[in-house]
Amino acid sequence: MGCSKAVNNLLSNAIAFSLPGGEVVVGIEQRGRNIPVSVRDHGPGIPDAFKGRVFEKFAQADNSDARTKGASVSG
């Protein structure tokens with residue numbers, strides 16, 4: 001997975017699972033040759049039962065009832 005696709009997925013999930021009117025904060029900072037990217041939201045988070053599988057290919061928790069719309073993105 002390319003870097004831009006990974007960041008896009010992080011942003012999409014943060015927006016989809018944020019509370020209505022919530023905020024998604026994106027941070028980008030250059031540290032020498034590295035450029036760390038952070039995405040922070042205040043959504044429900046990853047269910048404990050799913051955390052062990054979060055990096056498996058095609059893994060997805062069933063949070064259909066947690067998805068909302070209406071978050072804003074700031075950076």
Please tabulate, one pair per line, all N/O donor-acceptor pairs under 3.5 Å involving side-chain atoms of residues 24-39, not counting sequence neighbours.
| unit_1 | atom_1 | unit_2 | atom_2 | d |
| --- | --- | --- | --- | --- |
| E29 | OE2 | R31 | NE | 3.2 |
| Q30 | NE2 | G32 | O | 3.2 |

Contacts table for residues 40-49: side-chain donor-acceptor under 3.5 angstrom, sequence neighbours left out:
| unit_1 | atom_1 | unit_2 | atom_2 | d |
| --- | --- | --- | --- | --- |
| D41 | OD1 | G43 | N | 2.7 |
| D48 | OD1 | K51 | NZ | 3.2 |

N9 side, atom CG; S4 side, atom OG - distance, nearest 0.5 Å
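Between atom CG of N9 and atom OG of S4 there are 9.5 Å.
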